[in-house]
Amino acid sequence: MTMLEQTQGLHEDATDLGGRGSVSDYIALLKPRVMSLVVFTAAVGLVMAPGNQHPVLSFISILCIAIGGGASGALNMWWDADIDAVMSRTKKRPIPAGKITRQEAFAFGMVLSFGSVLTLGLVANWMAAGLLAFTIFFYVVIYTMWLKRSTPQNIVIGGAAGALPPMVGWAAVTGDVTLVSIALFMITFTWTPPHFWALALVKNGDYQAAGVPMLPVVAGETATRHQIVLYSLLLLPVGMAPYFLGFASVFYGVGSAILGLVFLGYAIRVWRVREGDAAKKTAMSLFKFSLFYLMLIFAGLLAENMIGLV
Amino acid sequence: MSKQKAVLSEEQAKTRRGRSVALAVTLGVLVAMFYVITIVKLGPGIMDRPL
């Protein structure tokens, strides 16, 4: 759908006054499951950062990052309502389900975006607030409005938005961007393509029906499997980077190497099993393990920092 | 011009009440949050500033 059609859609909706959404529908607009990942990775960045921040201010900073992440989810649903209505995974979201109008989602997302950025600026510093604003802008404008419908590299570049929260958390304490926070960013950034392409292999039909140029739709499933293995190979050293850079112990180094190798093992299985239900099952296993991988990597960094191993 | 009032169904009234309560709670939390931020950022010195 072009920008013009999107705008016309908004005008057509204008006759619908809305007001049907319940509180839980508005919470669903914030994509709570994505939000939990944002909160977790941002908290790790914040805890690892050198310097002292009052715990109350740290808590409110995390809250702002969470709300900012949720706001970008609401704006994503505002723009992508047409795609969401077609795909089985998303057709029960509040807008396609007719519970919330697009204008309501847009207003909700914009208010929360400005509110969270301004509050983070006042509570922490304007570098962190700027990074949060950039995260929202990147996810909504660069990924949702532009890349998602135009290139199979959509989630590679767009993955930057999901990878930024630990950098925002770090900046909330220190007010700067360093090699360490960039390394934290790189972990999620490199992890995103194999994670999403595994899901895209399972939901290929959905993406095809919605006209979203995901890699399996445009380049085919075989090319996607090659790319998954390639990125999983890359993720192995990137996941170990905190150890190489000296801000994680040898325990983390060994743990992240094992996790990276298991990740690669799942990816190779996806590469080898290409037919029928077994292929979908292996892709789904990789998708599930990838979530586990990211959680353990960040939990490891958090635990080391909290017990003072580093 | 006659003034017509929209009549809400029971379901609509219920969701609106829910939204109103959520908004009230959010506003209350925001007031408390900004009060705490002020105290934490300015500390006890907030009372010593010249008028």
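To find a chain, count down the sequence lines: A is the first, B the second, and so on, and within it residues start at 1. In this text the structure is predicted, and so the values were computed from the model without any measurement.
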Considering non-hydrogen atoms only, spot the tightest contact between A:Ser116 and A:Ser113 and give its length. OG-O, 3.0 Å
If you count heavy-atom pairs within less than 4.5 Å of chain B, which of A:Val23, A:Leu63, A:Asp25 leads?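 Ranked by contacts with chain B, first place is A:Val23.
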Considering heavy atoms only, which positions within residues 119-139 of chain A lie below 4.5 Å of chain B?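 The list, in residue order, reads A:Thr119, A:Leu122, A:Val123, A:Ala124.
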Beyond-backbone contact of [X] with [Y], side-chain heavy atoms, under 4.5 angstrom:
X        : Y        : value
A:Leu29  : A:Glu104 : no
A:Gln53  : A:Leu46  : yes
A:Ile60  : A:Cys64  : yes
A:Thr174 : A:Ser181 : no
A:Leu302 : A:Phe40  : yes
A:Phe106 : A:Leu75  : yes
B:Lys41  : A:Leu57  : yes

Whether the side chain of A:Thr144 engages the backbone of A:Val141 through a donor-acceptor N/O pair (distance < 3.5 Å, no angle test) should be reported.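 Not at all, since once roles are kept as given, no pair shorter than 3.5 Å links the two residues.
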Can you list the residues of residues 13-29 of chain B that sit under 4.5 Å from chain A, counting heavy atoms only? B:Thr15, B:Gly18, B:Arg19, B:Ala22
Electrostatic pair A:Lys148:A:Asp80 at N-O distance under 4.0 angstrom: yes
